[in-house]
Amino acid sequence: MNLRGQSAKYRARVAFARLRAAEISARRLIAIYLAVSALIEDDWKSHNVREFRIVQAAKAVHRLASGTHGKWEFWDPLTGGTRLYQIHAYPRSSGLVLREIGEALEKACAELAREVVPEVIALRTKRYGLHPSHPQVAKAS
């Protein structure tokens, strides 16, 4: 529960353990990595560097099973009954732990991404058109 003071490697392992406990499938993690890689590759104005890609993928994965959630009932003096109180606290998704999570994702998915990302971009372009960062092509009249 309290990970303050722990190393980034340890916190990344705990994050993956939370994903396993939440029964998040490996296919979903792979899909997130491929989607982030395709979006960054297709966006001409994006930071197309390794660190940006792994951190963005890690942020999406980290959100899947992070946080503390609690429910309590407390006495409400206005109604004389009980009311439900819920708290949802999520850790800040920043720092070295994201790089550790992203590196693990990249190690598992980089080879697949090299093969599949161009196909993902082609399918996305066919369905939705060019990414807004692409220059507009003037049509002859």
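Along the sequence shown, the residues carry numbers beginning at 1.
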Please set out all donor-acceptor pairs under 3.5 angstrom arising from side-chain atoms of residues 119-130, sequence neighbours excluded.
residue, atom, partner, partner atom, Å
R124, NH1, G129, O, 2.9
T125, OG1, I121, O, 2.8

Next on the checklist: Applying a strict under-4.5 Å side-chain criterion to I, L, V, M, F, W and Y, I'd like to know whether Y33 and L19 cluster together.
Outcome noted: yes
Checklist outcome for this item: What one should report as the nearest heavy-atom pair of A57 and I32 is O-CG2, 3.9 Å
Checklist entry - So with a 6.0 Å cut-off around CD of E23, is the heavy-atom count from everything else above 12? => result no
Checklist outcome for this item: Scanning both residues in full, the closest heavy-atom pair of S46 with F52 reads OG-CE2, 3.5 Å
Item to check | Plane angle bin for H69 and H88 - parallel if under 30°, tilted between 30 and 60°, otherwise perpendicular | outcome: tilted
Checklist entry - Are E100 and R11 close enough, and set up right, to give a salt bridge (Lys or Arg N to Asp or Glu O under 4.0 Å), and what steps lead you there? => result CA-CA 9 Å; E100 293 291 335; R11 291 186 316 207; over 6 Å; no
Item to check | Shortest non-hydrogen contact from G102 toward A58 | outcome: N-CB, 3.6 Å
Next on the checklist: Do V61 and I40 land in one hydrophobic cluster if side-chain heavy atoms of ILVMFWY residues count as linked below 4.5 Å?
Outcome noted: yes
Checklist entry - What is the distance from atom CD of E106 to atom CD of E51, rounded to the nearest 0.5 Å? => result 11.0 Å
Checklist entry - Does the H47 side chain pair with the main chain of V49, one donor and one acceptor, at a distance under 3.5 Å? => result no
Checklist outcome for this item: Separation between OG (S37) and CD1 (I54), nearest 0.5 Å, reads 10.5 Å
Next on the checklist: Please give me the minimum heavy-atom distance between N48 and E41, naming the atom from each residue.
Outcome noted: ND2-OE1, 3.4 Å
Checklist entry - Can you find a pair of side-chain heavy atoms, one from E103 and one from R50, that are under 4.5 Å apart? => result yes
Checklist entry - side chain to side chain contact (heavy atoms under 4.5 Å, CB included) between L29 and L64: does it pass, once the steps are laid out? => result CA-CA 10 Å; L29 302 182; L64 289 176; 4.0 Å; yes
Checklist entry - Any chain of hydrophobic side-chain contacts (each under 4.5 Å) joining W75 to Y85? => result no
Item to check | Closest non-hydrogen atom pair between A113 and L34, with its separation | outcome: CA-CD2, 3.5 Å
Checklist entry - At their closest point, which heavy atom of A15 faces which heavy atom of I101, and how far apart are they? => result CB-CD1, 3.8 Å
Checklist entry - If two hydrophobic side chains count as joined below 4.5 Å and joins carry through other members, does I30 share a cluster with F16? => result no
Checklist entry - Is it true that atom CD of Q6 has more than 12 heavy atoms of other residues, nucleotides or ligands lying nearer than 6.0 Å? => result yes
